[in-house]
Amino acid sequence: MPTPLPALAFGGDYNPEQWPREAHVEDRELMRESGVDLVTLGVFSWAWLQPGPDQWDFAWLDEQMDDLHAAGIKVDLATATASPPPWLTQRHPEMLPITHDGRTLSPGGRQAFCPSSPIYREHALALCTALAERYHDHPALALWHVSNELGCHNARCYCDVSAAAFRDWLRARYDDDVAHLNDAWGTAFWSQRYDDFAQVLPPRVAPTHANPTQQLDFLRFSSDQLLDNFVVERDVLHRISPGVPVTTNFMVMRQTMEMDYLRWGRELDVVSNDHYVIAGEEGSHRELAFSADLTRGTAGGRPWLLMEHSTSAVNWQPRNRAKKPGEMIRNSLAHVAHGADAVLYFQWRASRAGAEKFHSGLLPHAGTDTRQWREVVELSRLLDSVEEVSGSTARNEAAILFDYEAWWGCELDSHPSIDVRYRDRAEDLHRALSAQGVGVDVVHPSADLSSYKLVVVPTLYLVSDEAAAAVAAAAEAGATVVVTYFSGIVDEHDHIRLGGYPGAFRDLLGVRTTEFLPLLEGESVRVEGLGDAAVGADTWAEDLELAGASAVATYVDGPAAGLPAVTRREVGSGSAWYVATRLDPAGTDRLVEHLVAESGVEQLPGAGADVEVTRRVGDAASWLFVINHGGAPAAVPVHGHDLVTGRDVAGDLEVAAGGVAVVREA
Ligand code: GLA
């Protein structure tokens, strides 16, 4: 029978079909040497498994499954449906995706299919079924891996099949009544009124801005279609292979916004995520930390699997910087620190051919006599020594609200400023909180907020009445709430909430903004009142009146000179702060000092700008993770047992520059 996932699994994508048999023997030897205990098999092997419409070839996969099992390695078996084989698209070119400007995307890369294509789905389900029937009781099987990064290259398709599916989706959303759609889309504007759903199209390239609600609904529809592709395969797997968990790998990272993963997470038996740092970005580990906390949010707080990241460079960014010595270990452990129960990579062996031949792997082109391989082995040993954290998770007193729909709405065209980016404030507030030792949960606005002392609402442009009420209730009940600019502006239909900005939060915050005053590119202003010195701000300012709140900080100059930039209002037994501009990092640090002091959230010991400290909590123990991203040793006043060094610590842990520690707390 299939067996459970290894605790703190280590391994990665394994593509043996790219290599001759001799390499497979070496693979298993080196997997053993490096402690690999889980591999993802078959992700892009559709063309190998089904070489023609009625031809199947499982022999090579049978052999791999058996050999891996004999070597003690578990398998995360892909349903292999991510990339249709050439014979299928040759027979059915109508399943190819079409872009918003009408270009058909050809096969030759990967993922060339329309997510709404019934032909694709029929063939994908046949393959999924065949694999489930063949391997459901294989002893190597530990996890099913549906498709791969659904929507990675084909998230939005504008073909006629998609258009018809979009209309069906709209009929369901708007009670089959086109008048409801007209209201929701505001089609009185620009003569867009529809008398029949049959007239409605996806937002294909138009002479000018497409209707924003049409765009928003198309994003919702596209995310739902992709999720449906997961759900239908999952249901086959649950039926034929009960008891084996099913996942699909998310792409929770700054670069990816198309899939509403906070909704998707509920459909998965276990969430898994792929994360790639932004090469060359100063402090890229901060984006990693935010994404990892958001991934835990998609998993409803439960442990999740890091399905892919890279040992070093990728091949798809403009300049693919290699990781510095020690950086891979810090990156990998940081995911564990934020709740991952597996550390997996793309991919086991760096390819010698194909579009990803310059992508790093666990086993580099240069072989095992390399610093990279030695670090892989070192990391694997380190993970063995901290294995006891598996199954535990983080429980924090601060929450950042995050919503993919708000992201989509916020970054639509025809807005006051293209410089307002959805993740920008969330990431900077997360950075400042982390630097002050505050652990953060990143959760959907519909989450239960009752246990949080601090609730951060960054750029929540689109918000439902219920979510706005829940935020207000959290403040009433004693939380410190902070809302940043361009929040609460529209409802679910992207209609402005009237009466002054920020509509949904105006009463809670006790402010009323009559006009946005966005700043020009390169323009900055000064804000005083958050500390001894004035701080800088850019991007945004507002013509804001106090309506119950008091001013905490004021613009010194710029278009809002003399007006409040940061406000605070006492609400019930809590408070509500508003930040009407984009504070620079020093300004955000000052703001967060106030919020931390007022809310009384716990600050973990030893944290700093470059020292990441998080806690995982289990049934009987808790562990403090310390990751020193800086160039100087870090002093951490913690008592317990450091699993990395095997030494007891009594309030005087020193973590070397670039080093890590995992302390089971006394
Ligand atoms: C994604 C894919 C992998 C591989 C990596 C490269 O995560 O899932 O197949 O292409 O990117 O970084």
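Atoms within a ligand are numbered from 1 in the order they appear, just like the ligands themselves. All residue numbers refer to positions in the sequence shown, counting from 1. Here the structure is a predicted model, which means the values were calculated and not measured.
In this structure, P107 and P86 have side chains that are not in contact, with every pair of non-hydrogen atoms separated by 4.5 Å or more. Residues R156 and H100 fail the side-chain proximity criterion, which asks for heavy atoms closer than 4.5 Å.
For R374, the CZ atom is densely surrounded, since the number of other residues' heavy atoms within 6.0 Å is greater than 12.
Protein residues having a heavy atom under 4.0 Å from any atom of ligand 1 are F44, R110, N148, E149, D274, Y276, E308, W316, F346, E356, H359, listed by chain and number.
Between E63 and R21, at least one side-chain N (NZ, or NE/NH1/NH2) sits under 4.0 Å from a carboxylate O, which counts as a salt bridge.
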Side chain to side chain contact (heavy atoms under 4.5 Å, CB included) between K324 and R321: does it pass, once the steps are laid out? CA-CA 9 Å; K324 299 188 187 101; R321 194 182 66 85; 3.6 Å; yes
Passes side chain to side chain contact (heavy atoms under 4.5 Å, CB included), F250 versus T256? Steps please.
CA-CA 9 Å; F250 290 176; T256 306; over 6 Å; no
